[in-house]
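The sequence lines fix the lettering, A, B, ..., with proteins before strands; numbering per chain opens at 1.
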Amino acid sequence: KQEVTQIPAALSVPEGENLVLNCSFTDSAIYNLQWFRQDPGKGLTSLLLIQSSQREQTSGRLNASLDKSSGRSTLYIAASQPGDSATYLCAVLDNYGQNFVFGPGTRLSVLP
Amino acid sequence: DGGITQSPKYLFRKEGQNVTLSCEQNLNHDAMYWYRQDPGQGLRLIYYSQIVNDFQKGDIAEGYSVSREKKESFPLTVTSAQKNPTAFYLCASNWGAKPQHFGDGTRLSIL
């Protein structure tokens with residue numbers, strides 16, 4: 001059964017720092033991987049989606065990479081801002097394209 | 001604007017009572033999902049539906065029921081058989097393997 005973990009569970013950084021969030025999954029037979037942002041008491045907002053055949057995706061200050069063979073993805077945030085403070089979750093979609101499995105998330109605080 | 005609407009935002013359940021959470025989407029998505037989120041944990045899948053009048057159990061379906069009579073609507077009923085229903089419930093939809101869109105959630109508590 002697919003399991004997704006995220007390290008660290010929480011992270012606090014000063015404004016302006018570059019940072020990396022990690023996501024690991026146990027079964028490499030995935031269709032795609034998504035990174036989401038969740039603000040307190042809200043739903044999830046999709047940030048980046050990487051297909052299994054891709055190595056990375058970029059959107060603004062965000063860059064996500066995927067190493068399917070090792071079961072790892074990283075989310076790189078450049079020049080962090082207080083508005084980036086949120087919980088970041090990764091999720092993998094199985095090869096049947098039906099079942100998303102989510103990690104527990106990394107809670108990020110960017111201090112002004 | 002297209003999106004997913006969940007209601008109510010907060011819900012309280014009495015002992016032995018069934019409650020229904022609403023989820024409506026105007027994105028014309030075929031697939032809809034219900035997740036449960038507990039503090040410090042990831043989302044866990046309760047039920048999902050790929051087409052109207054069809055749905056499948058997820059990892060934690062016991063004590064829950066759903067219906068999919070219309071493409072736009074996927075209500076979730078939390079029955080009295082669910083002994084620990086206090087959680088944040090999220091509804092999502094998507095098309096194919098495209099990114100999921102989420103509603104703003106319903107927080108269910110026990111009176």
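- Taking non-hydrogen atoms and a 4.5 Å limit, the residue list of residues 37-59 of chain A in contact with chain B, ordered by number, reads A:Gln38, A:Gly41, A:Lys42, A:Gly43, A:Leu44, A:Ser46, A:Leu49.
- In this structure, the portion of B:Gln41 lying under 4.5 Å from any heavy atom of chain A is its backbone and not its side chain.
- Heavy-atom distances place the side chain of B:Lys9, and not its backbone, under 4.5 Å from chain A.
- The two residues A:Phe100 and B:Asn94 make their nearest non-hydrogen contact at CZ-ND2, 3.7 Å.
- Contact count against chain A (heavy-atom pairs under 4.5 Å) is highest for B:Pro99 among B:Gly105, B:Gly103, B:Pro99.
- If you chain together hydrophobic residues whose side chains sit under 4.5 Å apart, B:Leu43 and B:Tyr89 never meet in one group.
- For A:Arg107, the CZ atom counts as loosely surrounded, since its 6.0 Å shell holds 12 or fewer non-hydrogen atoms of other residues, nucleotides or ligands.
- By the rule that hydrophobic residues join a cluster once side-chain heavy atoms approach within less than 4.5 Å of another member, B:Phe102 and B:Ile46 end up as members of separate clusters.
- Linking Ile, Leu, Val, Met, Phe, Trp and Tyr whenever their side-chain heavy atoms come within less than 4.5 Å puts B:Leu90 and B:Leu45 in one cluster.
- Of residues 70-80 of chain B, not one residue has a non-hydrogen atom less than 4.5 Å from any non-hydrogen atom of chain A.
- A single hydrophobic cluster is seen to contain both A:Leu62 and A:Tyr88, as judged by linkage of ILVMFWY side chains at heavy-atom distances under 4.5 Å, directly or through other members.
- Rounded to the nearest 0.5 angstrom, A:Phe102 CZ and B:Gln37 CD are separated by 9.0 Å.
- Counting heavy-atom neighbours within 6.0 Å of B:Arg13 CZ, excluding the residue itself, gives a total above 12.
- Only the side chain of B:Arg107 comes within contact range of chain A, with at least one heavy atom under 4.5 Å from a heavy atom of that chain.
- Hydrophobic clustering of Ile, Leu, Val, Met, Phe, Trp and Tyr side chains at less than 4.5 Å, counting indirect connections, unites B:Leu21 with B:Tyr64.
- Around atom CD1 of A:Ile7, no more than 12 heavy atoms belonging to other residues, nucleotides or ligands sit under 6.0 Å away.
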